[in-house]
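Here is the structure we will look at, set down as structure tokens.
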Amino acid sequence: MPDRRTLIDSRDNYDPRSLDPALSTDVPTGRAVSYVFDGLTRFTPQAQVVPDLATSWELSSDGVTYTFHLKHGVRFHDGTSFSAADVRHSWERVLDPKTRGGRGWPLYPIRGAKEFAAGTASSIAGLAVTNDSTIQITLTEPFAIFPKMLAMPATAIVPKHTPPDFGEHPIGTGPWKFVAWHHDDYLLFARNAEYHEGAPLADSLEARIIPELSTAEAEFEAGNVDVLQVPAQESPSWESNEETRPLLQSAPSLRLIYGAINTTRGPLKDARVRQAINLAVDRGMILKRLMGGRGTLAAGVIPPSLDGYNPALSAYPYDTARARALLKEAGYPNGIDIELWTSQSEQFPRIAQTIQAYLARVGIRVKLVQRDASSMREAARNGKTDIALKDWYADYPDAENFLYPLLHSANRGVGGNVSFFSDATFDSVVSKARREPDDQKRIALYREADSLAHVQAPMLFMFFYTELYAVQPWLKGFTVPSIFTGERWTSVKIVHPPKPIAR
Amino acid sequence: MTAYILRRLLLAIPTLFGVLVVTFLLLYVAPGDPVQEMVGERADSATIARLRKELRLDEPMLSQFTHYAGGILRGDLGTSYITRRPILSDVLERFPKTLLLAGTAMLFASITGILIGVLSAQRPDGWFDRLALGGAYLGISFPVYWVGLLLILLFAVTLHWLPPSGYGGFRHLILPALALGTRSVAFLARITRSAMLDVLNSDFVRTARAKGLSERAVVLKHGLRNALIPVITVLGLDFGYYLTGSILTETIFSWPGLGRYVVNAISRRDLPAIQGSVLFLSVIFVLVNLLTDLAYAKADKRVSL
């Protein structure tokens with residue numbers, strides 16, 4: 001028998017903001033929310049979207065009204081029954097200005113949601129509770145991927161009566177019941193024996209909050225935690241070690257690492273200059289040397305695991321001669337001066353330095369600006385960066401979640417488009433894709449948009465990241481998730497006795 | 001004595017007000033935006049504008065400051081922008097843990113440091129003294145960060161004697177307290193040694209020896225007691241180091257104290273949380289300084305308050 005029956009996670013590196021779905025704007029919060037709560041749909045570890053509290057749904061022929069059929073007999077952890085009215089309550093709560101959550105946008109496609117959020121309507125016009133197990137959702141326009149957004153932590157379902165300290169004492173319908181939250185230390189959850197998809201195999205789940213990566217590695221080596229997210233720069237040593245290699249598991253993640261090129265600033269307005277930047281940087285070398293080879297080179301913004309990815313679209317090659325020629329053609333034979341902004345996290349500063357060195361070879365003189373994440377985000381959103389080296393994690397598994405926020409002109413600035421890219425053709429293709437009900441047609445539009453992005457080069461396309469986890473040999477059933485809330489630990493258990501624990 | 005304490009406490013008020021003003025101004029001019037941290041990676045400008053208005057961030061600086069200072073006067077440190085929890089309860093939850101760590105480290109450092117100092121002063125330039133000097137150089141030079149990681153590797157990963165990190169019983173306390181105290185041990189050993197040498201060479205010690213007191217009594221009763229005054233000064237000054245040094249130590253050892261709270265608050269631009277915890281720490285500093293001065297009076301009868 002194992003010494004402990006609790007599964008222990010080590011991935012959170014800061015305290016969650018809250019355990020309230022309405023406040024889930026960061027990774028630790030979203031992950032904890034996904035344990036305690038359910039949405040109408042949910043993500044699998046492979047980032048597929050499957051029904052959760054909904055059993056099925058129909059879409060009206062005009063593509064705007066969804067009828068969701070909900071599961072019968074589901075109970076919240078406090079024993080009260082779940083019904084369609086809870087769905088309406090939960091979403092009103094997310095949008096309610098008094099909640100101050102800031103995560104209303106997944107529900108904005110619903111008719112009247114924006115008005116409710118602005119305080120100009122007393123209810124959400126597009127939500128109609130037909131009976132206890134049916135809810136009708138009317139959107140402002142057809143938006144075929146809407147069910148995917150209902151698997152996000154922010155749209156999870158909470159019970160009707162939420163006390164003021166709900167964020168500290170959450171009650172949901174999810175696989176794990178909340179037990180305790182020791183701030184900056186750990187969160188503890190217990191198995192929900194009545195979970196509607198079948199109770200979790202393990203008794204309890206502990207999410208430890210470990211800010212320092214080397215400490216998390218030490219905890220893993222001491223056998224005190226069950227999984228470890230191995231950072232890119234550490235992967236060569238984990239992969240070359242005979243003892244640790246068998247413990248490694250990887251999965252492509254929905255994360256793009258890129259340099260947002262501000263298309264409204266100076267020479268960067270010219271697509272040829274932006275293409276030259278893409279041609280001048282040997283991304284393959286950076287991927288291999290600084291990221292432990294953990295990723296796929298990006299030609300556009302759609303990751304290989306999502307529909308709409310076009311394998312025929314190949315990444316910009318490393319071609320300094322062509323880069324120089326393009327700069328000359330654009331009228332900059334003597335090169336240009338730009339600022340490259342980077343945060344201080346992970347490998348970003350080193351990647352930025354390498355980019356600086358590569359760009360210098362074609363005459364692009366780069367001034368590096370290194371700031372903390374918050375300052376850099378503000379500068380990029382205010383259009384003060386030439387290139388901002390950053391990453392983007394998908395909130396839901398769809399190409400739209402890359403094309404629309406990162407490059408559609410409606411999202412310039414705070415919406416996510418810090419390239420300030422504004423291209424009428426691209427906009428119209430993406431907008432059309434969002435409204436297109438037919439999967440195949442929509443995917444074709446995604447491909448078209450991605451090709452346009454590739455040619456216009458509003459970013460320095462870097463790579464799509466591949467997650468690497470170390471998983472203890474005694475852990476069975478764990479799958480490395482492609483999306484951060486994908487693994488809910490329901491079919492994970494400890495099968496071999498771990499080594500004696502010093503704890 | 002009571003009048004002295006009261007006067008010192010009254011003098012603390014302008015100090016704390018200064019802290020309040022400086023923190024507020026620094027955060028006001030610092031880049032980064034709390035609202036953008038609240039909404040996360042993807043947002044819309046309507047939500048941002050609404051939140052900014054609700055948090056009064058769109059108001060002029062002076063009006064923001066008077067609103068905030070008004071809250072402080074009423075004893076309200078405010079509510080975190082990010083977590084929406086009251087700052088005071090967050091600070092009070094974490095401070096005892098920081099105090100436990102800092103206190104243990106300080107205790108360990110004082111006992112070890114003073115002992116090494118006294119022993120070194122017995123035979124200046126003897127083998128023990130030289131060894132202690134070498135050790136002290138290393139102890140002062142090693143950053144707490146590095147010492148912490150080494151301790152984890154040795155005692156937790158290799159030897160399995162102690163847990164690598166986390167908060168719990170005494171076993172969890174040992175490694176972070178060692179890491180935090182190391183620099184101080186070295187420092188205190190040097191200070192104690194030189195103070196002891198001064199005292200041991202003074203006239204009254206010669207008199208004490210002359211009247212036939214045992215060496216033990218000379219060193220402990222006459223020597224150490226008088227050598228303690230500079231040591232107390234250093235301990236009082238070092239307390240600041242313990243609190244700031246604990247930020248790194250708490251991070252390496254996943255210790256859920258106030259240091260990490262402040263770091264988190266800064267990285268998320270959680271203005272009330274930063275201001276509240278800085279103000280709280282300032283109050284602690286003022287109190288510690290007062291206690292240090294009171295301790296002088298205890299150790300040295302010539303000091304009258």
Side-chain angles (χ1 to χ4, degrees), chain A residues 14-18 20 23-26 97-98 100-105 108 114 117-119 165 167-168 182-186 208-212 214-219 221-222 224 371-379 381 392-393 395 401 405 411 413-416 499-503, chain B residues 30-48 50-51 54-55 80-85 90 93-94 97 145 148-149 152-153 155-168 171-172 250-257 260-261 263-264 266-269:
Chain A
Y14 55 93
D15 208 37
R17 183 182 172 191
S18 166
D20 184 339
L23 299 189
S24 69
T25 48
D26 61 49
K98 285 198 284 294
R100 286 189 194 166
R103 213 4 102 91
W105 61 260
Y108 285 175
K114 278 187 183 165
D165 64 344
E168 295 273 297
H182 295 270
H183 290 288
D184 281 323
D185 195 3
Y186 67 92
R208 286 199 54 191
I209 297 142
I210 305 178
E212 175 58 39
S214 337
T215 313
E217 283 188 74
E219 291 285 6
E221 282 168 39
N224 294 350
R371 291 281 188 278
D372 72 302
S374 182
S375 309
M376 177 173 137
R377 184 177 300 139
E378 187 189 41
R381 284 177 170 180
W392 178 262
Y393 282 95
D395 287 305
N401 194 207
N411 291 312
V414 291
K499 284 178 268 178
I501 297 164
R503 234 205 116 169
Chain B
D33 179 356
V35 174
Q36 307 224 1
E37 293 305 306
M38 288 170 73
V39 296
E41 280 296 325
R42 182 174 171 181
D44 58 296
S45 32
T47 304
I48 288 184
R50 201 177 58 236
L51 286 170
E54 277 172 25
L55 300 173
S80 157
Y81 288 168
I82 305 288
T83 66
R84 311 221 42 209
R85 287 189 294 268
D90 269 1
E93 182 187 340
R94 287 160 172 95
K97 293 165 185 161
Y145 201 80
L149 287 178
I152 293 179
L153 277 181
F155 292 104
V157 177
T158 310
L159 297 172
H160 289 282
W161 288 355
L162 292 165
S165 76
Y167 179 77
R171 288 160 48 76
H172 286 84
E250 284 172 7
T251 303
I252 302 160
F253 291 97
S254 312
W255 189 266
R260 267 170 72 198
Y261 181 72
V263 170
N264 262 337
I266 293 173
S267 71
R268 301 196 231 183
R269 296 297 186 277

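We name chains A, B, ... by the order of the sequence lines, and we start the count at 1 in each one.
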**Asked** Is it the backbone or the side chain of B:N264 that comes under 4.5 Å from a heavy atom of chain A, or both, or neither?
**Response** side chain
**Request:** Look at B:R85 together with B:D90 and state whether they make a salt bridge at an N to O cut-off of under 4.0 Å.
**Result:** yes
**Request:** Just give me the residue among B:T251, B:L153, B:L149 that pairs up with chain A most often, heavy atom to heavy atom, under 4.5 Å.
**Result:** B:T251
**Prompt:** Can a salt bridge be assigned to the pair A:R377 and B:E37 using a cut-off of 4.0 Å between side-chain N and carboxylate O?
**Reply:** yes
**Contact leader toward chain B among A:G416, A:S18, A:A218, where contacts are heavy-atom pairs under 4.5 Å** = A:A218
**Interface moiety of B:L55 toward chain A, non-hydrogen atoms closer than 4.5 Å** = side chain
**Asked** Quick one: do the A:R103 and B:T47 side chains pair a donor with an acceptor below 3.5 Å?
**Response** no
**Prompt:** So which part of B:I82 gets closer than 4.5 Å to some heavy atom of chain A, the side chain, the backbone, both or neither?
**Reply:** both
**Item:** Per-residue contact mode, A:L23 against chain B (heavy atom under 4.5 angstrom)
**Value:** side chain
**Item:** Set of residues satisfying salt bridge (charged side-chain N to carboxylate O under 4.0 Å, His left out) with respect to A:R381, sequence neighbours excluded
**Value:** none
**Residue, of A:G413, A:G415, A:G104, that accumulates the most heavy atom pairs under 4.5 Å with chain B** = A:G415
**Request:** Under 4.5 Å heavy-atom distance to chain A, tell me which part of B:Q36 shows up: side chain, backbone, both or neither.
**Result:** both
**Prompt:** What part of B:I252 gets closer than 4.5 Å to chain A, counting heavy atoms only: side chain, backbone, both or neither?
**Reply:** both
**Asked** Hey, are B:R94 and A:D184 close enough for a salt bridge, meaning a charged N less than 4.0 Å from a carboxylate O?
**Response** yes
**Prompt:** Non-hydrogen atoms of chain A under 4.5 Å away: do they reach the side chain of B:Y145, the backbone, both or neither?
**Reply:** side chain
**Message:** Any carboxylate oxygen within less than 4.0 angstrom of a Lys/Arg side-chain nitrogen, looking at B:R268 and A:D15?
**Reply:** no
**Item:** Heavy-atom pair count under 4.5 Å with chain A, highest-scoring of B:E250, B:K97, B:R84
**Value:** B:R84
**Asked** Step by step, would you call A:S375 with B:R269 a side chain to side chain contact (heavy atoms under 4.5 Å, CB included)?
**Response** CA-CA 9 Å; A:S375 309; B:R269 296 297 186 277; 2.9 Å; yes
**Prompt:** How far apart are the closest heavy atoms of B:P164 and B:F253, and which atoms are they?
**Reply:** O-CD2, 3.5 Å
**Over all atoms of both residues, closest heavy-atom pair of B:W255 and B:R260** = O-NH1, 3.2 Å
**Message:** What part of A:Y393 gets within 4.5 angstrom of chain B, counting heavy atoms only: side chain, backbone, both, or neither?
**Reply:** neither
**Request:** May I ask you to name which of A:K114, A:H183, A:E378, A:E212 has the most heavy-atom pairs under 4.5 Å with chain B?
**Result:** A:H183
**Complete:** Sequence neighbours excluded, the answer for side-chain hydrogen bond (donor to acceptor under 3.5 Å, both in side chains) partners of B:R50 is none
**Prompt:** For B:A43, is it the side chain, the backbone, both or neither that has a heavy atom under 4.5 Å from a heavy atom of chain A?
**Reply:** both
**Message:** Can you tell me which of A:A216, A:P16, A:A117 forms the most heavy-atom pairs within a distance under 4.5 Å of chain B?
**Reply:** A:A117
**Asked** Considering only heavy atoms, which portion of A:E217 lies under 4.5 Å from any heavy atom of chain B: side chain, backbone, both, or neither?
**Response** neither
